[in-house]
Amino acid sequence: MEAILRRLRPPPKPEERARRAIAVKALLDDASIQEAFVSVEADLMDEWRRAKTPEERENIYRAVNVVERLQTWMRSAAAADLTALRRVK
């Protein structure tokens with residue numbers, strides 16, 4: 001799906017990538033966002049421990065993976081787009 005979307009929309013210009021990097025980096029550095037990620041992960045782990053069936057645990061495990069993937073994407077977007085920021089300056 002991502003590959004299809006990439007083909008349909010033009011690649012972002014370096015200035016747009018730079019703006020995105022700054023915005024994503026600001027989010028990653030925001031204490032409230034950091035606290036939210038920690039809190040969500042802790043809540044999910046508590047739910048996982050209380051789950052009564054393997055299916056419940058599997059669903060919660062998937063949710064934890066989604067949170068981790070979001071964090072990874074954000075770090076990747078900020079890091080990759082900071083390269084564009086250096087080119088713009």
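None of these values were measured; they are calculated from a predicted model.
Considering only heavy atoms from C-beta on, Glu41 stays 4.5 Å or farther from Leu44 through its side chain.
Between Lys52 and Glu56 the shortest heavy-atom distance is N-OE1, 2.8 Å. Taking all atoms of both residues into account, the shortest heavy-atom contact from Ala21 to Ala78 is CB-O, 3.8 Å.
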Show your reasoning for whether side-chain hydrogen bond (donor to acceptor under 3.5 Å, both in side chains) applies to Arg62 and Asn65. CA-CA 5 Å; Arg62 286 187 190 117; Asn65 280 336; over 6 Å; no

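The hydrophobic clustering, which links ILVMFWY residues whose side-chain heavy atoms are closer than 4.5 Å, places Val40 and Trp73 together. Cluster membership for Ile60 and Met45, using ILVMFWY side-chain heavy atoms within less than 4.5 angstrom, is shared.
A salt bridge does not link Arg19 to Glu15: none of the charged side-chain nitrogens sits closer than 4.0 Å to a carboxylate oxygen.
Counting non-hydrogen atoms of other residues, nucleotides and ligands closer than 6.0 Å to OH of Tyr61 gives a total of 12 or fewer.
Using modelled atom types, no side-chain atom of Glu58 and backbone atom of Pro54 make a donor-acceptor pair closer than 3.5 Å.
For the atom pair Glu68 CD and Gln71 CD, the distance stands at 7.0 Å (nearest 0.5 Å).
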Show me the donor-acceptor pairs within less than 3.5 Å that the side chains of residues 26-35 make with the rest of the protein, sequence neighbours left out.
{"from": "Asp29", "atom 1": "OD1", "to": "Lys25", "atom 2": "NZ", "distance (Å)": "3.3"}
{"from": "Asp29", "atom 1": "OD2", "to": "Lys25", "atom 2": "NZ", "distance (Å)": "3.0"}
{"from": "Asp30", "atom 1": "OD1", "to": "Ser32", "atom 2": "N", "distance (Å)": "2.7"}
{"from": "Asp30", "atom 1": "OD1", "to": "Ile33", "atom 2": "N", "distance (Å)": "3.2"}
{"from": "Gln34", "atom 1": "NE2", "to": "Leu28", "atom 2": "O", "distance (Å)": "2.8"}

